[in-house]
Amino acid sequence: MIHPKGLYTLFFTELWERFSYYGMRAILVLFMVTPVTQGGLGFDIKSATALYGTYTMSVYFTSLPGGFIADKFLGARYSVLIGGIIIACGHFTMIFHSIEFFYVGLILISVGTGLLKPNISTMVGSLYEKNDARRDSGFSVFYMGINIGAVLAPLVCGYLAQSESFKQFLISNGINPISCWHFGFGAAGVGMIFGLIVYILKQNNFPEIKRSSDKSQTNQKEQLTSDEWKKTGAIFIFFLFTMLFWAAYEQKGASLNLFALKLVETKIFNWEFPSSWLQSLTAFFVIGLSPIFSKLWMRLGEKQPSSPAKFSIGLLFIGLAYALMVPAASFTALGKISPLWLVGLYFLEVVGEMCLSPVGLSTVTKLAPQKLLGIMMGVWFLASAIGNKFAGFLGGFFIAEDPSQLMMLYGGISIGLLVASLVLTLLIPKIKKLMGEVK
Ligand code: GLN
């Protein structure tokens, strides 16, 4: 089945935006903890991770005002454009080695992402009629773009910021090698410029989403109808369960990052690789699984599970993923374990992600009242913001030297998510009622 042309424009714009986000994020903490003499900021680990947590939360939190601004004033199309420009300014600000520029850069990227991220997602939804069977499939394709950016960026920005060969290249060109970090940040910014170029050149490929102030909407009542209230209620139920999903999932950047560093054998055929490379696995699996899920939803057509059923399958899989970490944690008592445990965990997690994250984007665009589309997408990303912060909190229970504590941590997460999946399954009939004609 063929997707609207606009999907591919949004796919490439978001690919490059995520390239800039994940590229910068991959080297952010490393830059903060690197001593000043080596070009970093010389922060201690606690301050660096706290700032990192606040930054990742802010990036998603700003989706709420970003969606509101699109609904009320700018419209989605201009919000994405202005957001992209602000993000690029943020990355380029970080080319300069100064703490003030560093903070201004982080603020600009958060503000810009707030304008871009929720609104580009609503634009994908606007390409399809409400019950178009291609919609979930379209969001799976869009989600693949996100993850192509997420796989490539850490490799490129990480190479510029950390590799010896790039430092040598700088020296041979008469440039101080400790400025390598800023080349990494600059490369992230170049990604956003590519995204903007694609977006500006191809912006006629999609319809504008109406703002609540548009003339055609003025004869609509400002207040929500009871049907709209019910659908908004369904979004809030999804919001609560999604928060739990991300709190578990984002252990990747929190406790699982430390787990990989301290407890996993990071060697293949005697070749030692950086533990942080394991972070690319999720995006890699998303790319592999997206076409499969996209086809699956298309093939099932009308027979595909409802969105709440897909959500509970998502929670089930992430619950199973963490169940795998219980024996893995117990084996750490005997020494470092195989990276295959994390490969298995991330694979199951991504199966869950495919049932929940792109489906969630799609469902929000179907359920949200037209006049609140942007802000409801902001609510969806608010679940990511809170989930990220909660993930950091749970990660605080990580003690590498205590396998039984680790078993409790991951076993607890697993049980929590499995129970959440069960509760959501029981709520499916109620949620379906709230969703009305939306599947
Ligand atoms: N990985 C997806 C992205 O980067 C979803 C992130 C999220 O909602 N927490 O867009």
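For ligands, and for the atoms within them, numbers begin at 1 and follow the listed sequence. All figures in this text were calculated on a predicted structure; none of them were measured in a lab.
The nearest heavy-atom contact from the protein to atom 6 (C) of ligand 1 is Tyr60 OH, 3.3 Å. Shortest contact from atom 8 (O) of ligand 1 to any protein heavy atom: Ser384 OG, 2.8 Å. In terms of protein heavy-atom proximity, atom 2 (C) of ligand 1 is closest to Tyr143 OH, 3.4 Å. From the protein, the heavy atom lying nearest to atom 10 (O) of ligand 1 is Lys117 NZ, 2.4 Å. In terms of protein heavy-atom proximity, atom 4 (O) of ligand 1 is nearest to Tyr22 OH, 2.6 Å.
Although no hydrogens or angles enter the test, the distance criterion places no donor-acceptor pair under 3.5 Å between the side chain of His91 and the main chain of Met192. The backbone N or O of Ile2 lies less than 3.5 Å from a partner atom in the side chain of Arg134, making a donor-acceptor pair.
In this structure, Lys310 is positioned above the aromatic face of Trp297, its NZ or CZ under 6.0 Å from the six-membered ring centre and within 45° of the axis.
The aromatic ring centres of Phe92 and Phe96 sit 6.0 Å or more apart. Between Phe31 and Phe185, the ring centre distance stays below 6.0 Å.
Contact annotation: Tyr21 has no heavy atom less than 4.0 Å from any atom of ligand 1.
Among Ile120, Asn388, Ile146, the residue whose heavy atom lies closest to atom 3 (C) of ligand 1 is Ile146.
Taking any N or O of Trp380, backbone or side chain, none lies under 3.5 Å from an N or O belonging to ligand 1.
Under a cut-off of 6.0 angstrom, the local environment of CZ in Phe284 is sparse, with at most 12 non-hydrogen atoms contributed by other residues, nucleotides or ligands.
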